[in-house]
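A short write-up of the structure that comes next.
Note: hydrogens, waters and symmetry copies are ignored here, and every other heavy atom, side chains too, is used. All residue numbers refer to positions in the sequence shown, counting from 1.
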Amino acid sequence: GRYADARDQLLVVVKDYDYVQRNKSLESLGYCYLNLGDSANAERYFMRALQRDARMGRSLLELAEINFNDGRYKRSERYLESFDRLSAPNPRHLWLAVRLQRILKNKHKLASFALALKNIFPDSSEYKAYVASLRKSKATEEVRETELTEAKPINVKQNSQPLQKL
């Protein structure tokens with residue numbers, strides 16, 4: 001498929017250490033691996049991209065998601081915190097943050113991210129998934145009442161450039 005072809009081309013490009021856009025090629029290679037179902041290689045190339053430029057928002061968000069899915073929640077949180085400092089919020093980022101803070105049991109951060117998701121992206125599929133998640137679990141009764149009322153300010157950049165799509 002197209003991701004496999006792109007991966008093969010990018011593997012050649014990233015070997016050129018003089019290539020000016022090498023960090024973006026590393027990130028794109030990570031994205032290809034992710035779409036090919038190879039999260040180990042995706043993680044490897046996103047990390048290499050960040051070694052060249054620590055301000056690559058897409059790599060940070062992808063690494064947060066990969067680590068979350070692998071149960072490495074504290075590492076996922078660190079990547080999300082870095083993403084928060086560099087990038088404008090987006091629905092995917094906020095929904096991941098909500099799910100992560102539920103697991104980490106940080107009700108103040110959870111409330112802040114949930115409120116941001118509700119206020120900034122009320123029509124997003126991620127906000128709809130959040131609302132559905134509240135209905136699904138009876139164990140969320142306490143969470144339901146506090147998630148949107150115990151919000152404390154979080155440092156989420158409002159004026160950053162949105163992530164570019166490949």
Side-chain angles (χ1 to χ4, degrees), residues 1-104 106 109-110 112-130 153-166:
R2 295 184 62 194
Y3 286 111
D5 293 341
R7 176 203 56 208
D8 295 344
Q9 291 176 13
L10 287 166
L11 282 168
V12 173
V13 170
V14 298
K15 290 179 182 170
D16 181 356
Y17 287 89
D18 294 325
Y19 181 55
V20 177
Q21 297 292 320
R22 187 163 177 261
N23 57 339
K24 291 186 184 213
S25 295
L26 290 164
E27 185 175 66
S28 294
L29 189 52
Y31 189 71
C32 287
Y33 275 115
L34 196 62
N35 282 282
L36 291 168
D38 186 348
S39 64
N41 271 317
E43 182 175 16
R44 176 178 164 219
Y45 283 100
F46 288 132
M47 289 178 69
R48 286 181 63 190
L50 286 174
Q51 288 169 349
R52 290 190 54 84
D53 182 355
R55 298 167 296 152
M56 299 191 73
R58 169 176 241 152
S59 289
L60 290 166
L61 186 56
E62 297 299 348
L63 285 167
E65 184 94 40
I66 289 168
N67 281 279
F68 178 85
N69 291 337
D70 288 345
R72 296 176 294 199
Y73 303 121
K74 284 307 224 178
R75 185 177 292 176
S76 178
E77 183 178 42
R78 285 193 299 272
Y79 284 120
L80 274 180
E81 287 170 351
S82 295
F83 180 88
D84 284 338
R85 287 190 294 275
L86 297 172
S87 301
N90 66 57
R92 180 176 168 222
H93 145 253
L94 293 171
W95 175 225
L96 176 59
V98 165
R99 291 179 290 149
L100 180 63
Q101 294 309 322
R102 279 181 178 163
I103 290 168
L104 297 176
N106 186 327
K109 283 184 180 181
L110 169 59
S112 295
F113 286 120
L115 193 60
L117 185 59
K118 176 185 177 191
N119 290 339
I120 302 171
F121 304 105
D123 298 324
S124 69
S125 60
E126 291 84 355
Y127 180 68
K128 290 176 177 110
Y130 165 71
I154 54 171
N155 189 12
V156 175
K157 258 190 163 183
Q158 294 291 326
N159 58 356
S160 297
Q161 296 292 327
L163 291 176
Q164 296 178 2
K165 289 190 175 185
L166 288 176

Heavy-atom pair of closest approach, residues [X] and [Y]:
X: Ala114; Y: Tyr130; result: CB-OH, 3.5 Å
X: Ser39; Y: Ile66; result: O-CD1, 4.1 Å
X: Ala54; Y: Leu86; result: O-CD1, 3.5 Å
X: Ala6; Y: Cys32; result: CB-SG, 3.6 Å
X: Ser59; Y: Phe46; result: OG-CD2, 3.4 Å

With sequence neighbours left out, write down each residue that passes side chain to side chain donor-acceptor pair (under 3.5 Å) with [X], or none if nothing qualifies.
X: Gln21; answer: none
X: Asp38; answer: Asn41
X: Arg55; answer: Asp53

So do [Y] and [X] actually touch side chain to side chain, heavy atoms under 4.5 Å?
X: Leu61; Y: Leu96; value: yes
X: Gln101; Y: Glu77; value: yes
X: Leu50; Y: Tyr79; value: yes
X: Met47; Y: Leu63; value: yes

Going by salt bridge (charged side-chain N to carboxylate O under 4.0 Å, His left out), name the residues that satisfy it together with [X], two or more places apart in sequence or in a different chain.
X: Lys15; result: none
X: Asp16; result: none
X: Glu43; result: Arg72

Pairs flagged by salt bridge (charged side-chain N to carboxylate O under 4.0 Å, His left out) wherever residues 89-99 is involved - sequence neighbours left out: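 Output for this query lists Glu62-Arg92, Glu65-Arg92, Glu65-Arg99.
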Not counting sequence neighbours, which residues clear side-chain contact (heavy atoms from CB on, under 4.5 Å) with [X]? List them please.
X: Gln51; value: Arg48
X: Ala97; value: Leu80, Phe113
X: Ser82; value: Leu60, Arg85

What is the distance from atom [atom1] of [X] to atom [atom2] of [Y], rounded to the nearest 0.5 Å?
X: Asn119; Y: Tyr127; atom1: CG; atom2: OH; answer: 8.5 Å
X: Arg52; Y: Leu26; atom1: CZ; atom2: CG; answer: 7.0 Å
X: Arg2; Y: Leu36; atom1: CZ; atom2: CG; answer: 12.5 Å
X: Lys74; Y: Leu100; atom1: NZ; atom2: CG; answer: 8.5 Å
X: His93; Y: Phe83; atom1: NE2; atom2: CZ; answer: 5.5 Å
X: Arg78; Y: Asn67; atom1: CZ; atom2: CG; answer: 8.5 Å

What do the steps show when you test Lys24 against Glu27 for salt bridge (charged side-chain N to carboxylate O under 4.0 Å, His left out), and what is the final call? CA-CA 5 Å; Lys24 291 186 184 213; Glu27 185 175 66; over 6 Å; no
Check ring-ring contact (aromatic ring centres under 6.0 Å, His included) between Tyr45 and all other residues, then give those that pass, not counting sequence neighbours.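 Residues passing ring-ring contact (aromatic ring centres under 6.0 Å, His included) with Tyr45: Tyr33.
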Can you run down the ring-ring contact (aromatic ring centres under 6.0 Å, His included) pairs that involve residues 53-73, sequence neighbours left out, and say none if there aren't any?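 Matches after skipping sequence neighbours: Phe68-Tyr73.
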